[in-house]
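Remarks on the structure that follows.
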Protein chains: 2
Amino acid sequence: MADTLTKPNCRPLEPGSVCVHCGLRPLSVCAALDIGELQQLEMVAHVHCLTAKATLFSQDEPAQFVYNVTAGTVRLYKLLPDGRRQIVGFALPGDFLGLALADRYGFSADAIEPVTACRFSREAFTGLVDRKPHLLRRLHEFATHELSLAHDQMVILGRRNAAERVGSFLIGLRDRWARLHGHSSVHVPLPMSRQDIADFLGLTIETVSRTLNRLAREKTIVIVPDGVRILNVARIEALSEV
Amino acid sequence: MADTLTKPNCRPLEPGSVCVHCGLRPLSVCAALDIGELQQLEMVAHVHCLTAKATLFSQDEPAQFVYNVTAGTVRLYKLLPDGRRQIVGFALPGDFLGLALADRYGFSADAIEPVTACRFSREAFTGLVDRKPHLLRRLHEFATHELSLAHDQMVILGRRNAAERVGSFLIGLRDRWARLHGHSSVHVPLPMSRQDIADFLGLTIETVSRTLNRLAREKTIVIVPDGVRILNVARIEALSEV
DNA sequence: CGTTGAGTTGACCATCGTCAACAGGAGTGG
DNA sequence: CCACTCCTGTTGACGATGGTCAACTCAACG
């Protein structure tokens with residue numbers, strides 16, 4: 001799968017054919033729709049481009065829109081009153097934001113790097129969902145998949161030590177990139193900061209840094225400018241073992 | 001709401017009227033169905049009674065059935081190869097098991113106390129779901145609600161200390177019992193063991209015991225035979241503050 | 001060339017885990 | 001009826017993992 005799929009692209013495109021030609025379609029919720037339905041969807045869609053650090057939406061705010069991420073990485077997080085942050089997930093291209101179709105957002109979302117996303121008014125989208133059971137079925141599949149990932153993350157947060165958390169994180173991201181690119185690679189891009197990784201894994205930035213560099217010192221990984229390269233796949237997979 | 005709703009009851013009932021008279025219906029997925037549909041559901045239902053410690057299903061095993069818990073408490077958990085356990089949730093009356101409608105179970109489930117559950121063959125149930133978009137919509141609501149609870153639990157596991165975890169747990173259970181009984185109470189039944197609480201909160205049994213007894217010593221709660229009674233609601237709510 | 005922000009590293013420390021002993025109730029068998 | 005075991009929960013002593021605080025490097029940027 002070409003890299004253009006996951007790189008931002010905000011050039012205007014000829015109306016009525018954007019969704020049909022979208023390379024991410026088979027991986028996104030849109031796969032549930034036929035060509036006619038795609039055109040209905042496109043009529044209520046708006047291609048939205050965000051710069052790094054831009055906010056898509058904030059927790060508890062009225063949920064005016066739902067989103068389909070088409071390029072870049074989004075961090076999803078909850079804040080405690082005293083400022084502690086827990087990242088509940090990273091949304092990659094193909095991921096849908098607003099699965100709950102609820103009145104208010106359950107978490108905050110902002111762009112880690114330049115992001116493009118198809119934005120739909122929640123009202124229009126839920127209208128479409130109500131008329132298209134196949135789309136609802138697809139949303140439900142996405143929701144239960146997210147639930148399963150959340151359960152895995154609960155195991156990581158509740159029962160694994162720092163090295164295991166970092167290992168599981170790398171393997172988890174590797175597999176998600178593999179799905180997106182159509183093939184697995186030992187090169188794992190990490191668009192998020194050490195602080196983001198720490199807030200996802202329930203650790204501190206220092207522990208993440210130490211753990212990654214320990215893995216590098218023992219030749220399990222190499223730290224490269226935009227992420228890591230896995231040298232000893234078996235070792236990392238053992239750390240992340242279910 | 002009467003307590004009979006949540007107490008096991010395995011007497012045979014006259015066919016065709018069980019679901020219609022089920023007091024849990026408004027709280028369960030069945031609320032999406034009209035009387036005719038309920039009778040269709042009942043035809044593929046089987047009231048299942050389990051003793052304490054009985055297994056409903058195990059992780060990775062083919063998902064032959066889905067369940068509606070009608071009485072008792074079920075623990076849902078994942079195991080690591082070395083035996084570490086993470087409880088990903090407790091299912092109370094009204095909760096649905098098998099939301100994913102997937103080929104295999106994503107976690108194991110067993111009865112903490114005597115449990116009754118309506119059991120459906122997954123095949124028959126998914127057939128009904130495919131014919132009834134309202135039921136699918138209801139399942140989706142349940143799934144996104146579970147996802148939201150999972151996100152809350154991720155915050156607890158990733159970013160909260162022992163006292164906050166225990167406090168959040170008590171408030172969370174209090175609110176779930178309140179929903180079930182129709183009114184809130186300072187009496188919070190704890191049908192699960194200290195070990196279960198520990199494995200849910202990412203702590204050890206000793207830390208759970210110490211934390212509960214510290215709360216009792218400072219007169220925030222009283223430990224009673226079947227759970228706790230909250231004396232200082234404000235204190236516990238402050239601990240569990242979002 | 002100075003500033004800023006991300007990341008790294010070291011020294012120290014607190015929280016929670018580990019290990020061990022013990023209490024008390026339920027169930028069992030003599 | 002009592003002695004015994006078993007199981008759950010409690011409590012104390014100690015230690016390790018990961019957090020805190022601080023200093024430092026380095027690249028990007030004005």
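Convention: sequence-line order gives letters A, B, ...; per-chain numbering from 1. Values below: all heavy atoms of this structure, side chains included; hydrogens, waters and symmetry mates excluded.
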> Reading DNA chain C 5' to 3', which nucleotide is the first, and which the last, to come under 4.0 Å of any heavy atom in chain A?
Replying inline: C/dG7 to C/dA11
>> Rounded to whole Å, how long is the line connecting atom CZ of B/R214 with atom P of D/dT10?
In response: 13 Å
> Could you spell out the base pairing of DNA chain C in dot-bracket, with Watson-Crick or G-U pairs whose two distances are under 3.5 Å, [ ] crossing and | to another strand?
Replying inline: ||||||||||||||||||||||||||||||
> Considering only heavy atoms from C-beta outward, does the side chain of B/I112 approach that of B/F90 to under 4.5 Å?
Replying inline: yes
> More 5' along DNA chain C: A/R217 or B/E206, using each one's nearest nucleotide?
Replying inline: A/R217
> Atom CD1 of A/I205 to atom C1' of D/dG19: distance rounded to whole Å?
Replying inline: 13 Å
> Is B/E61 close to B/T55 at the side-chain level, that is, under 4.5 Å between some pair of heavy atoms?
Replying inline: no
>> Given B/L170, which partner from the list B/T220, B/I197, B/I236 fulfils the side-chain contact (heavy atoms from CB on, under 4.5 Å) test?
In response: B/I236
>> Is there, by distance only and without an angle test, a donor paired with an acceptor across the side chain of A/R210 and the base of D/dT20 below 3.5 Å?
In response: yes
>> Could you report the tightest heavy-atom contact between B/L76 and B/A109, atom names first, then the distance?
In response: CD2-CB, 3.6 Å
> Charged N to carboxylate O under 4.0 angstrom, A/D110 versus A/K53?
Replying inline: no
>> In this structure, how many angstroms lie between the P atom of D/dG12 and the CG atom of B/N213, rounded?
In response: 10 Å
> In whole angstroms, how far is the P atom of D/dT8 from the CG atom of B/L212?
Replying inline: 17 Å
> Whole Å only: how far is the CG atom of A/L201 from the C1' atom of D/dG18?
Replying inline: 13 Å
> Between A/F142 and A/F96, is the gap from one ring center to the other below 6.0 Å?
Replying inline: no
> Does a salt bridge link B/R85 with B/D196, judged by any charged N lying under 4.0 Å from a carboxylate O?
Replying inline: yes
> Within this structure, what is the CG-to-C1' distance between B/L190 and D/dG9, rounded to whole angstrom?
Replying inline: 13 Å
>> Do A/V233 and A/R174 have side chains that approach each other closer than 4.5 Å (heavy atoms only, starting at C-beta)?
In response: yes
> Which comes earlier along DNA chain C counting from the 5' end, the contact point of A/R194 or that of B/L203, where each point is its nearest nucleotide?
Replying inline: A/R194
>> Go nucleotide by nucleotide along DNA chain D from the 5' end; which of B/K53 and B/R159 gets its closest nucleotide reached first?
In response: B/K53
>> Would you say CD of B/Q64 has more than 12 non-hydrogen atoms from neighbouring residues, nucleotides or ligands within 6.0 angstrom?
In response: no
> Are any of A/T204's side-chain N or O atoms less than 4.0 Å away from OP1 or OP2 of D/dG19?
Replying inline: yes
